[in-house]
A.B. asks: 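Here's a structure for you.
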Amino acid sequence: MLNVFREQWKITIVVLLLLPALINLGFWQLDRAEEKKELLAFYAKQSELEAVPLISLISNSQTKYRNVTVTGKYDTDHYWLLDNQPRAGKVGYEIIMPFNFSDQAGGSKTILVNRGWVSANADRRILPIVDTLDNVVSINGYLYPLQVNAVIKHSHNDLNVEWPKRVLQLDNDAVSKALNKDIETLMLRIEEESAGAFTTQWPVINTQPEKHHGYAVQWFSMGLALLLLYLWVLFRAKN
């Protein structure tokens, strides 16, 4: 048997490298599934709480997904078109707009409001026309973290110079720099009944736990197939 391993040393090295990697990927997907379950449970718990005024909250981990209400004015001169946001098979944008409000001390604060989804024109040069709201309004929604994709590099750079700016993703630093002011760390996803809302109904997470379980099964299956193939090669070599 030792001679067989010596003859098949190249295949053995490949298996020793690939098999642990496939197993680790499977367990990583299981961990991701557990994280998503905990996130959905936390969201469900937060959504059951009564909406509170935004100015009464202190920013911490327990404010995420919390239902809030806030009164102020949209900054209709500056907003972003979050690109690559398909809905029901249609391409479109999500409208991200600053919302200025007063805190308990009477100071001015700004939070980003995701006003929802609008369809995109087939001609990429034609941007959607967003209704302006210049008066003071009260809006409801829940707090949500800005989504940053580590795979997309430098995506906060504007794809067009003038406002509105079309982007692939946003982060707090890029927004603060563009507006020349500090903003709240969490964004507000608006309710459909609130003033200025477009199409809302966002999924809490993009990938459900069940899909991660499916990915885990695929990685484990590939590992098992690799092991069985390796044993078959050794058996054939021995005989």
Side-chain angles (χ1 to χ4, degrees), residues 1-49 59-67 82-89 91 94 96 112 114 117 142-157 167-174 185-187 189 200-239:
M1 191 67 182
L2 184 59
N3 291 333
V4 175
F5 281 108
R6 289 174 178 173
E7 293 174 0
Q8 305 298 329
W9 66 270
K10 292 183 179 179
I11 296 178
T12 301
I13 291 176
V14 171
V15 172
L16 290 176
L17 291 174
L18 285 181
L19 187 58
L22 294 173
I23 294 174
N24 286 334
L25 285 170
F27 281 113
W28 176 69
Q29 288 293 343
L30 292 178
D31 290 339
R32 292 285 290 160
E34 192 61 31
E35 289 176 5
K36 295 297 178 66
K37 284 183 179 180
E38 293 176 358
L39 183 60
L40 288 173
F42 181 66
Y43 171 77
K45 179 181 177 181
Q46 293 291 83
S47 62
E48 292 175 356
L49 300 176
S59 295
N60 56 49
S61 61
Q62 298 303 311
T63 62
K64 188 165 59 174
Y65 307 119
R66 186 68 192 270
N67 294 315
L82 189 59
D83 204 355
N84 192 27
Q85 301 296 316
R87 292 280 188 101
V91 295
E94 289 183 3
I96 314 295
L112 290 183
N114 190 329
W117 181 89
Y142 66 92
L143 299 176
Y144 193 84
L146 290 174
Q147 298 297 287
V148 178
N149 188 339
V151 177
I152 305 175
K153 296 182 179 179
H154 308 299
S155 59
H156 59 264
N157 293 334
V167 294
L168 296 175
Q169 68 180 11
L170 283 173
D171 60 63
N172 289 82
D173 291 338
T185 55
L186 296 174
M187 177 174 59
R189 280 184 167 181
T200 58
Q201 301 170 351
W202 296 276
V204 180
I205 54 177
N206 294 326
T207 306
Q208 297 297 317
E210 294 77 14
K211 184 165 287 189
H212 285 292
H213 286 145
Y215 292 150
V217 170
Q218 290 179 4
W219 288 121
F220 289 140
S221 298
M222 291 173 65
L224 179 61
L226 177 64
L227 180 60
L228 292 177
L229 180 62
Y230 176 62
L231 294 176
W232 179 78
V233 169
L234 294 181
F235 177 78
R236 287 288 301 272
K238 183 180 179 181
N239 290 277

A.B. asks: W202 and E94: side-chain hydrogen bond (donor to acceptor under 3.5 Å, both in side chains), yes or no, with the steps?
C.D. replies: CA-CA 10 Å; W202 296 276; E94 289 183 3; 3.1 Å; yes
A.B. asks: Do L143 and K64 touch side chain to side chain, with heavy atoms closer than 4.5 Å?
C.D. replies: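 No, every pair of side-chain atoms sits at 4.5 Å or beyond.
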A.B. asks: Quick one: which residue pairs count as a side-chain hydrogen bond (donor to acceptor under 3.5 Å, both in side chains) with a foot in residues 14-31, not counting sequence neighbours?
C.D. replies: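 Residue pairs passing side-chain hydrogen bond (donor to acceptor under 3.5 Å, both in side chains), neighbours aside: Q29-H212.
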A.B. asks: Suppose we screen for ring pair (Phe, Tyr, Trp, His ring centres under 6.0 Å). Which residues come up paired with Y65, at least two apart in sequence or across chains?
C.D. replies: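 Y65: ring pair (Phe, Tyr, Trp, His ring centres under 6.0 Å) contacts with Y43, Y144.
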A.B. asks: Just jot down the side chain to side chain contact (heavy atoms under 4.5 Å, CB included) partners of L22, sequence neighbours excluded, or say none.
C.D. replies: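 L22 satisfies side chain to side chain contact (heavy atoms under 4.5 Å, CB included) with W219, M222, L226 only.
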A.B. asks: With the side chain counted from C-beta on, respond yes when L40 and Q208 share a heavy-atom pair under 4.5 Å apart, and no when they do not.
C.D. replies: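 Answer yes - side chains close enough.
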A.B. asks: Apply side chain to side chain contact (heavy atoms under 4.5 Å, CB included) to R189 and T200, showing your working.
C.D. replies: CA-CA 8 Å; R189 280 184 167 181; T200 58; over 6 Å; no
A.B. asks: What residues form a side chain to side chain contact (heavy atoms under 4.5 Å, CB included) with I23, not counting sequence neighbours?
C.D. replies: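 I23: side chain to side chain contact (heavy atoms under 4.5 Å, CB included) contacts with L19, F27, F220.
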A.B. asks: Restricting to side chain to side chain contact (heavy atoms under 4.5 Å, CB included), what partner residues turn up for E34, sequence neighbours left out?
C.D. replies: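 Scan of E34 (side chain to side chain contact (heavy atoms under 4.5 Å, CB included), adjacent residues dropped) gives K37, E38.
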A.B. asks: Judged by atom type as modelled, is there a donor-acceptor pair below 3.5 Å linking the side chain of Q85 to the main-chain atoms of D83?
C.D. replies: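 Yes; judged by distance alone, with no hydrogens or angles, the pair exists.
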A.B. asks: Is any side-chain heavy atom of L25 less than 4.5 Å from a side-chain heavy atom of Y215?
C.D. replies: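 Side chain of L25 against side chain of Y215, heavy atoms only: no contact under 4.5 Å found.
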A.B. asks: Could you state the interatomic distance from CG (N114) to CG (L82), rounded to the nearest 0.5 Å?
C.D. replies: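 N114 atom CG to L82 atom CG measures 7.5 Å (nearest 0.5 Å).
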A.B. asks: Quick one: side-chain hydrogen bond (donor to acceptor under 3.5 Å, both in side chains) partners of E35, sequence neighbours excluded?
C.D. replies: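 side-chain hydrogen bond (donor to acceptor under 3.5 Å, both in side chains) list for E35, sorted by chain: R32.
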A.B. asks: Specify the closest pair of heavy atoms between A216 and G26, including all atoms of both residues, with the distance to one decimal.
C.D. replies: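 Smallest heavy-atom distance, with atoms named: CB-O, 3.4 Å.
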